[in-house]
Amino acid sequence: MLKVDRENRNLSESTVKSNQDATASYQDRLNTDDFEHEPVFKESGISHETAQSHFTIQQHQRIEIAKKIADDWGSKPQSSICVAILDYLLDIDTATSAHITYSLLQESVKKSEQAANEDRDLWIAIQYLCGERVHLLDARFELVDNNVRFPISNALLNDARETGKLAHPESNKLISDFEDKVFIYFQPSSLVQSISA
C-alpha cells in the first residue's frame, strides 16, 4: 500500500474555502420534501417524517465527512475520488455489500465522473478512507484457491510475509507462492453502516 505523504496534504486557504463553499451549496439544494414520493419508503411502511429525519441525518453526516475530506485534500484528485467513493458507499445496501473489490471502487469513481488520472491516486484515496480520519472502509484479505475464497487475517498474512509461506486456512498446507493467490477487498466500515441504517 502507498503511504500518504503528509506534505502533499498541505492546503491553501483559498482551496479549502472553495471546497467548503461547494459543500454548503450542495446542502442548500437538498429538498427533503421529495422523500414522500420515494416508493422505497411507501412500500416499507416507514412514515414520511421518519424517512425525512433519516435523510436529513444521513445528508448532514455526508456533508461533515465531505468537509473533512476537503480539509485534508483540497483540490488534489483524492478529494473528488474520496467523495465519489463516499457517495457510492451511501448508495449501496451495506448489508449485502460486504465484498467490495478495487475494481468496484474504480468503477464507482468513473460513474461519478471523478475518475483518477492514475491508479496511484485511487490507491492513496482508498488508503486514506481505511484510516482513522474518516474510516469509511475496512481492508480485508482473502486467499483464492481453486475458485474458493478463504478469509485471511492480518496476523496470518503478516506471518506469511515474514516466513515466505502462508498456512492454508483449511488444510494448513504451506503455500510458498501465496502472494499470487491473496487478494485485497474492502467492507463498509461501521460508520458507513450506521449512516446507511
Side-chain angles (χ1 to χ4, degrees), residues 4 9 11-44 46-116 121-140 185-197:
V4 176
R9 293 195 293 167
L11 306 174
S12 68
E13 289 181 16
S14 62
T15 302
V16 172
K17 175 89 173 102
S18 67
N19 279 322
Q20 289 171 342
D21 290 345
T23 302
S25 173
Y26 174 80
Q27 187 176 17
D28 291 342
R29 291 193 314 260
L30 293 177
N31 184 358
T32 56
D33 292 336
D34 291 339
F35 248 114
E36 66 185 322
H37 304 295
E38 289 292 325
V40 171
F41 292 102
K42 286 183 180 178
E43 291 171 12
S44 65
I46 296 173
S47 71
H48 169 68
E49 292 77 21
T50 302
Q52 185 175 5
S53 174
H54 176 74
F55 175 76
T56 303
I57 291 167
Q58 185 185 47
Q59 291 305 315
H60 174 73
Q61 288 175 312
R62 182 219 176 266
I63 290 166
E64 290 301 311
I65 293 168
K67 282 181 183 178
K68 282 184 185 179
I69 291 167
D71 288 345
D72 291 344
W73 293 106
S75 62
K76 292 186 168 80
Q78 286 77 15
S79 187
S80 57
I81 293 169
C82 288
V83 171
I85 292 173
L86 168 63
D87 290 338
Y88 166 74
L89 292 171
L90 294 177
D91 284 344
I92 62 173
D93 179 3
T94 56
T96 59
S97 299
H99 195 276
I100 302 170
T101 63
Y102 173 82
S103 60
L104 281 174
L105 292 176
Q106 193 175 40
E107 200 57 37
S108 73
V109 171
K110 287 179 183 174
K111 283 182 183 176
S112 300
E113 298 178 10
Q114 307 286 338
D121 292 334
L122 181 55
W123 272 117
I124 292 172
I126 290 170
Q127 183 182 20
Y128 169 80
L129 294 175
C130 289
E132 291 180 18
R133 173 80 168 146
V134 293
H135 193 200
L136 301 182
L137 293 169
D138 289 323
R140 300 284 186 253
Y185 67 98
F186 305 92
Q187 293 179 331
S189 70
S190 56
L191 172 65
V192 173
Q193 291 177 31
S194 68
I195 294 172
S196 300

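Position 1 is the first residue of the sequence; numbering continues from there. Heavy atoms only: backbone and side chains are in, while hydrogens, waters and symmetry mates are out.
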Worksheet entry | side-chain contact (heavy atoms from CB on, under 4.5 Å) partners of Ser189, counting only residues at least two apart | His135, Asp138, Leu191, Val192
Practice prompt. State, yes or no, whether a side-chain contact exists between Leu104 and Tyr88 at a heavy-atom distance under 4.5 Å.
Written response: yes
Worksheet item: Do you know which of His60, Gln61, Lys68 makes side-chain contact (heavy atoms from CB on, under 4.5 Å) with Glu64?
Response: His60
Worksheet item: Got Leu122 and Tyr102 here, is their nearest side-chain heavy-atom distance under 4.5 Å?
Response: yes
Fill in: Spacing of Ile81 atom CD1 and Lys76 atom NZ [to the nearest 0.5 Å]
12.5 Å
Fill in: Within-4.5 Å side-chain heavy-atom neighbours: Phe186 and Cys130
yes
Worksheet entry | Min side-chain heavy-atom separation Ile65-Ile195 under 4.5 Å | yes
Fill in: Contacts of type side-chain hydrogen bond (donor to acceptor under 3.5 Å, both in side chains), residue Gln106, not counting sequence neighbours
Asp119
Item to complete: Let me know which of Leu105, Thr101, Ile100 forms a side-chain contact (heavy atoms from CB on, under 4.5 Å) with Ser103.
Response: Thr101
Discussion item. Would Leu86 and Leu129 count as a side chain to side chain contact (heavy atoms under 4.5 Å, CB included) here? Give the steps.
Written reply: CA-CA 9 Å; Leu86 168 63; Leu129 294 175; over 6 Å; no
Worksheet item: Does the side chain of Ile85 reach to within under 4.5 Å of the side chain of Ser108, using non-hydrogen atoms?
Response: yes
Worksheet entry | Nearest heavy atoms of Ile92 and Leu89, plus distance in Å | CG1-O, 3.4 Å
Worksheet entry | Set of ring-ring contact (aromatic ring centres under 6.0 Å, His included) partners for His99, sequence neighbours left out | Tyr185
Worksheet item: Does Ser190 have any side-chain hydrogen bond (donor to acceptor under 3.5 Å, both in side chains) partners at least two apart in sequence or in another chain, and if so, which?
Response: none
Worksheet item: Taking the side chain from Gln187 and the backbone from Ala98, do they hold a donor-acceptor pair closer than 3.5 Å?
Response: yes
Worksheet item: Quick one: does Gln193's side chain have a donor or acceptor within less than 3.5 Å of a partner on Pro188's backbone?
Response: yes
Worksheet item: Thinking salt bridges, do Asp87 and Arg62 make one under a 4.0 Å N-O criterion?
Response: yes
Discussion item. Does Leu90 form a side chain to side chain contact (heavy atoms under 4.5 Å, CB included) with Gln58? I'd like the steps, not just the answer.
Written reply: CA-CA 9 Å; Leu90 294 177; Gln58 185 185 47; 4.0 Å; yes
Practice prompt. Measure across Tyr128 and Ile69 and return the closest heavy-atom pair with its distance rounded to 0.1 Å.
Written response: OH-CA, 3.8 Å
Practice prompt. Considering non-hydrogen atoms only, spot the tightest contact between Ala70 and Ser79 and give its length.
Written response: CA-OG, 4.1 Å
